[in-house]
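Structure first, commentary second.
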Amino acid sequence: MAPSPVLKCCKRALNWVPVLFIHLVVGWSYYAYIVELCVYTITNNAERISYLVIFHIFFGMFIWAYWKTIWSMPAKPSKAFALPRVEKELYEREERAEQQQEILKKVAKNLPVYTRTAGGAIRYCDFCQVIKPDRCHHCSTCEMCVLKMDHHCPWVNNCVGFSNYKFFVLFLAYASLYCVVICATVVQYFIKFWTKELLDTHAKFHILFLFFVAALFFLSIVSLLSYHLWLIGKNRSTIEAFRAPVFSNGPDKNGFSLGFSRNLAEVFGDQAKYWIFPVFSSLGDGHSFVTRLVHIDPEHANSVLQQNGKSPVGVTSPAELGNSAHHAEEDQKKMSGGHIDTVTTESEP
């Protein structure tokens, strides 16, 4: 039985508790640093001003990235991945799983879909009633399919996926730097209060606690950041790190990896000037991705790479993307008598 609207409302409200907790901690750290440290403790004006400027730069970038991660709506599959009306009616009437798969295979032929279930079947979401694009998964919390889903994060109360993965990584990076700035500038006063060089005041508790909290948060956040940077270098999501994507020839944990530089560009974009800012610059449309298993002629490489998400593209329907990528190898076979040249990628261990 489906939960009542009241229960759903309560659940949604409770989901914001971790986000509220983070805001309260950050709000207190802002007060402790600005008021208790800079106003009441530091006596040198030059030191005070320099601390305030540096602190606000990293605080601003941290909050910007955090809010972008929270408020970016998860990207969901386009209508092109929904079953056409006739096929949908046939699928719903059909009770045999084998025949349902035949219907899905017929529709999927015109889509850029290369991954399968562990059993080799077309990945179909019965809740959203769409064929899942590669790297797309259904989130039970958000109650929707999310493109290139990485995980659902309770600390941002949002799914981390194609639309906000860059923001999430920057949020972790700037949160780490925010903690580093606090620890580096507070440590001398922490030592002075600890060794009784400074008189006990109401600022002592805030400064001692601020250092401990910043140090603990840094250790936890930097470990998570390191893990996600490793995932970016391998072009894997958290889901794919635990369960390798399955292609027509079986599971391949490195199936989407095209070498470090291109993996990095897929998340942060091909223009380095945008990398440090929480503005969307990821490549592709989230519906299709180049894999190491799709062989294409060098003359077709640029167009197919664009269509499969390796550089900004114009308005192109997913069906057109699928047809181009799906038939690139076949067309080249016809042109060259069966000889196929592959796109060169960096080696992957």
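Residue numbers start at 1 and run along the sequence shown.
- Other residues, nucleotides and ligands place no more than 12 heavy atoms under 6.0 Å from the CH2 atom of Trp194.
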Mind listing the side-chain donor-acceptor pairs of residues 16-27 below 3.5 Å, one per line with the distance, residues two or more places apart or on another chain?
from	atom 1	to	atom 2	distance (Å)
His23	ND1	Val19	O	2.9
His23	NE2	Trp67	NE1	2.9

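- Side chain of Arg116 to backbone of Val246: no donor-acceptor contact under 3.5 angstrom is found.
- At least one donor-acceptor pair closer than 3.5 Å links the side chain of Asp134 to the backbone N or O of Tyr114.
- Within a 6.0 Å radius of OH in Tyr40, no more than 12 heavy atoms belonging to other residues, nucleotides or ligands are found.
- Identified under the salt bridge (charged side-chain N to carboxylate O under 4.0 Å, His left out) test for residues 147-162, with sequence neighbours left out: Lys148-Glu266.
- To the nearest 0.5 Å, atom CZ of residue Phe193 and atom CG of residue Leu208 are 7.0 Å apart.
- For His56 and Tyr30, the ring centers are positioned less than 6.0 Å apart.
- A donor-acceptor contact shorter than 3.5 Å links the side chain of His287 to the backbone of Ser78.
- Taking CD of Glu98 as the start and CD1 of Ile103 as the end, the distance is 12.0 Å to the nearest 0.5 Å.
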> Can you check side-chain contact (heavy atoms from CB on, under 4.5 Å) on Ile232 and Phe268, steps first, answer last?
Replying inline: CA-CA 10 Å; Ile232 291 173; Phe268 289 97; 3.8 Å; yes
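- No more than 12 heavy atoms of other residues, nucleotides or ligands sit less than 6.0 Å from atom NZ of Lys76.
- Between atom CG of residue Asn110 and atom CD1 of residue Ile131 there is a gap of 9.5 Å, rounded to the nearest 0.5 Å.
- Residues satisfying the salt bridge (charged side-chain N to carboxylate O under 4.0 Å, His left out) test with Glu87, not counting sequence neighbours, are Lys106.
- Separation of the His151 and His228 ring centroids falls under the 6.0 Å cut-off.
- Judged by distance alone, the side chain of Asn263 and the main-chain N or O of Ser257 form no donor-acceptor pair under 3.5 Å.
- One N or O on the side chain of Thr41 and one on the backbone of Glu36 form a donor-acceptor pair closer than 3.5 Å.
- Applying the salt bridge (charged side-chain N to carboxylate O under 4.0 Å, His left out) rule to Lys132 yields no partners; only residues at least two apart in sequence or on another chain are considered.
- Checking each of Ser282, Ser281, Ser72 against Lys166 for a side-chain hydrogen bond (donor to acceptor under 3.5 Å, both in side chains) leaves exactly one that passes, namely Ser281.
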>> Using the rule given for side-chain contact (heavy atoms from CB on, under 4.5 Å), can you reason through Ile70 versus Asn157, listing the C-alpha separation, both sets of side-chain angles and the distance that settles it, and then say yes or no?
In response: CA-CA 7 Å; Ile70 294 174; Asn157 191 28; 5.8 Å; no
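- No salt bridge links Glu240 with Lys253; every basic N to acidic carboxylate O contact stays at or beyond 4.0 Å.
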Could you pull out every donor-acceptor pair under 3.5 Å between side chains of residues 118-125 and any protein atom, sequence neighbours left out?
from	atom 1	to	atom 2	distance (Å)
Arg123	NH1	Cys136	O	3.0
Arg123	NH2	Pro133	O	2.6
Arg123	NH2	Cys136	O	2.9

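- There is no side-chain donor-acceptor pair under 3.5 Å between Asn15 and Arg12.
- Looking only at side-chain heavy atoms (C-beta outward), Phe171 and Trp64 stay at 4.5 Å or farther from each other.
- Taking Ile, Leu, Val, Met, Phe, Trp and Tyr as members and joining any whose side-chain heavy atoms lie under 4.5 Å apart, directly or through other members, Met73 forms no hydrophobic cluster with any other residue.
- Summarising the local packing, CD of Glu95 is surrounded by 12 or fewer heavy atoms from other residues, nucleotides or ligands at distances under 6.0 Å.
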Exercise answer: donor-acceptor pairs, residues 209-224 side-chain atoms, under 3.5 Å, sequence neighbours excluded:
from	atom 1	to	atom 2	distance (Å)
Ser220	OG	Leu216	O	3.4
Ser220	OG	Phe217	O	2.9
Ser223	OG	Leu219	O	3.4
Ser223	OG	Ser220	O	2.7

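- Without hydrogens or angle criteria, Asn235 side chain to Gly259 main chain gives no donor-acceptor distance under 3.5 Å.
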Cut-off 3.5 Å, no hydrogens considered: what does the side-chain donor-acceptor table look like for residues 174-188, sequence neighbours left out?
from	atom 1	to	atom 2	distance (Å)
Tyr174	OH	Ile276	O	2.6
Ser176	OG	Leu172	O	2.9
Tyr178	OH	Ser29	OG	2.7
Thr185	OG1	Tyr33	OH	2.9
Thr185	OG1	Val181	O	2.7
Thr185	OG1	Ile182	O	3.3
Gln188	NE2	Glu47	OE2	3.1
Gln188	NE2	Tyr51	OH	3.0

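- Aromatic ring centres of Phe168 and Tyr66 lie farther apart than the 6.0 Å criterion allows.
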> Run the side-chain contact (heavy atoms from CB on, under 4.5 Å) check on Val107 and Phe81 step by step: do they pass?
Replying inline: CA-CA 9 Å; Val107 178; Phe81 286 81; over 6 Å; no
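- Salt bridge present: Glu94 and Arg96 bring a charged side-chain N and a carboxylate O closer than 4.0 Å.
- Within the hydrophobic cluster formed by Ile, Leu, Val, Met, Phe, Trp and Tyr side chains joined at under 4.5 Å, directly or through other members, Val53 is accompanied by Ile49, Ile57.
- Taking hydrophobic clusters as Ile, Leu, Val, Met, Phe, Trp and Tyr residues chained together by side-chain heavy-atom distances below 4.5 Å, Val130 does not share a cluster with Phe127.
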> Going through the distances and angles, do Arg135 and Phe256 end up as a side-chain contact (heavy atoms from CB on, under 4.5 Å)?
Replying inline: CA-CA 10 Å; Arg135 316 184 83 175; Phe256 293 107; 3.6 Å; yes
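- In this structure, the separation between NZ on Lys68 and CG on Leu170 is 11.0 Å, given to the nearest 0.5 Å.
- Grouped with Val146 in one hydrophobic cluster are Met144, Met149, Ile239, the linkage being side-chain heavy-atom contacts under 4.5 Å among Ile, Leu, Val, Met, Phe, Trp and Tyr residues.
- Asn158 places a side-chain N or O within donor-acceptor distance of the main-chain N or O of Thr69, the cut-off being under 3.5 Å.
- If you chain together ILVMFWY residues whose side-chain heavy atoms come under 4.5 Å of each other, Leu147 ends up grouped with Phe162, Phe167, Phe280.
- Residues satisfying the salt bridge (charged side-chain N to carboxylate O under 4.0 Å, His left out) criterion with Arg85, sequence neighbours excluded, are Glu89.
- Stacking of Lys88 on the aromatic ring of Tyr91 is not recorded, the 6.0 Å distance cut-off and the 45° axial limit not both being met.
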